[in-house]
Structures are given as structure tokens and as C-alpha cells.
Amino acid sequence: MRTRQWTRRALVTGCVAGVGLTLVGVGTASAQGGSSATPAPITISSAQVEQLCQQRVPTLKSEVSQLITRIDAGPSTVGSTQWLDAQEQQATANGHQARADLLANREQRRAGVLTALQDVQTKLGDFTTAHCGYLGSGQ
């Protein structure tokens, strides 16, 4: 179960990175020391933009939204920050300080992941506004 969640998160991160690289473009550094070359723009066809806007972006938006919802959920939802806090308090009350420390670290990392996911959600919205509006898809 944990492996599947890790794989899903890695997939979402990879897809977002792929979309970002497709949009921004990747430049190669100049072989000469000190001088920097401007990155060459990457152009994609309108069919590729349409595929991104109609297939990939909605899927990414859905996955990111689900992860944000889960992390922000209450103490009864396994994996949420509140659930981790409740588990940490229970471990402390039972005298399991090592487990409590581990859970506290996980909670801190989860808060960082939440910030990153919210940033991705904003960037996906900006991408949709900038590049998908002319398709008339309404997404």
C-alpha cells in the first residue's frame, strides 16, 4: 500500500516536471566557461497542446486535488497531518518517544508537501488559463 502511494506521488511529480519542461524548455549550457547561452524554445504542435489540455492536465489536477484533500483532512483520515498529530500524541502518552519523534518529522514533511502541491495546483491553473483557453474545452 505504501509503495503504491509513493509510486503515485512520484508519478504526479514526474508528470508535473514533464509539463514544466515542455512549457519552459530546457537549454543546454555553453561549453565555454563563464558565458551562458539562452535556452532554445521548445515548440510543440497544436495537437500536442490539445492532448495536454484535454488529457494530462485534468488528470494531474484531479490527483493533486485528491492529495491536498487527504493531507488537509481530519484526524480520522489516515495520512492527514491531523491524523499524524493524533498518532504522535498517542505515542507520547504511551511512552514511545522514538515513534513520536518519527511521526513529528513525518508531519513536518507532510506540511512541506502540502505547500508544494498547492504551488503545483496554482501552476496547473495558470497553464490552463494561458494555453488551454483557446481550445474551447472549458477546463
Side-chain angles (χ1 to χ4, degrees):
M1 175 97 172
R2 300 245 186 242
T3 304
R4 199 168 79 203
Q5 291 172 352
W6 174 253
T7 305
R8 182 182 320 143
R9 288 183 185 137
L11 177 67
V12 168
T13 304
C15 289
V16 170
V19 168
L21 289 175
T22 301
L23 298 176
V24 176
V26 178
T28 57
S30 176
Q32 301 161 358
S35 65
S36 62
T38 58
I42 295 177
T43 57
I44 58 176
S45 69
S46 61
Q48 290 170 322
V49 171
E50 186 175 353
Q51 180 185 14
L52 275 174
C53 291
Q54 292 180 351
Q55 294 175 5
R56 304 285 287 178
V57 172
T59 303
L60 288 172
K61 281 183 176 181
S62 172
E63 289 177 2
V64 168
S65 176
Q66 288 173 357
L67 287 171
I68 289 173
T69 301
R70 179 173 174 221
I71 291 172
D72 276 342
S76 62
T77 302
V78 176
S80 70
T81 53
Q82 290 182 14
W83 180 84
L84 286 170
D85 187 47
Q87 294 294 312
E88 176 190 355
Q89 291 175 4
Q90 183 179 11
T92 303
N94 291 338
H96 302 291
Q97 194 57 42
R99 178 169 168 73
D101 293 341
L102 177 87
L103 290 166
N105 290 337
R106 284 181 63 192
E107 185 179 357
Q108 289 175 353
R109 284 193 316 262
R110 194 70 43 93
V113 168
L114 179 62
T115 303
L117 286 171
Q118 290 169 338
D119 186 42
V120 167
Q121 193 174 37
T122 302
K123 288 180 181 180
L124 284 171
D126 293 345
F127 173 79
T128 302
T129 302
H131 300 287
C132 299
Y134 72 91
L135 296 175
S137 61
Q139 296 179 3

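Residues: numbered from 1 along the sequence shown. Scope of the values below: all heavy atoms of this structure, side chains included, with no hydrogens, waters or symmetry mates.
Rounding to the nearest 0.5 angstrom, the gap separating the CD atom in Gln108 from the CG atom in Leu84 is 11.0 Å. Between Glu63 atom CD and Leu124 atom CG the span is 10.5 Å, to the nearest 0.5 Å. In this structure, Gln87 CD and Arg99 CZ are separated by 6.0 Å, a value rounded to the nearest 0.5 Å. With values rounded to the nearest 0.5 angstrom, Leu67 atom CG is found 10.0 Å from Leu114 atom CG.
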Quiz item: Could you go step by step and tell me if Trp83 and Val78 meet the side-chain contact (heavy atoms from CB on, under 4.5 Å) rule?
Solution: CA-CA 6 Å; Trp83 180 84; Val78 176; 4.0 Å; yes
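Judged by distance alone, with hydrogens and angles left aside, the side-chain atoms of Arg56 form no donor-acceptor pair with the main-chain N or O of Gln51 at under 3.5 Å. For Ser80 (side chain) and Gly74 (main-chain N/O), a donor-acceptor pair under 3.5 Å exists by modelled atom type. In this structure a side-chain-to-backbone donor-acceptor pair under 3.5 Å is missing from Ser62 to Pro58.
For Arg109, the side-chain contact (heavy atoms from CB on, under 4.5 Å) partners two or more places apart in sequence, or in a different chain, are Asn105, Arg106. Here Ala111 pairs with nothing under the side-chain contact (heavy atoms from CB on, under 4.5 Å) rule; sequence neighbours left out. In this structure Thr43 satisfies the side-chain contact (heavy atoms from CB on, under 4.5 Å) test with no other residue, sequence neighbours excluded. The side-chain contact (heavy atoms from CB on, under 4.5 Å) search around Ser65 returns Thr69, Gln121, not counting sequence neighbours. Residues passing the side-chain hydrogen bond (donor to acceptor under 3.5 Å, both in side chains) test with Asp101, sequence neighbours excluded: Gln97. Every side-chain hydrogen bond (donor to acceptor under 3.5 Å, both in side chains) that Gln89 has, sequence neighbours left out, goes to Asp85.
Residue pairs meeting the salt bridge (Lys or Arg N to Asp or Glu O under 4.0 Å) criterion with at least one member in residues 111-131, sequence neighbours excluded, are Asp119-Lys123.
Shown here for Val64 and Leu117, the closest heavy-atom pair between the two residues is CG1-O, 3.5 Å. The two residues Glu88 and Ala104 have their closest heavy-atom pair at OE2-CB, 3.5 Å.
Using a 4.5 Å cut-off on side-chain heavy atoms (C-beta onward), Lys61 and Thr128 make contact.
Grouping the Ile, Leu, Val, Met, Phe, Trp and Tyr side chains by contacts below 4.5 angstrom, directly or via other members, places Val113 apart from Leu102.
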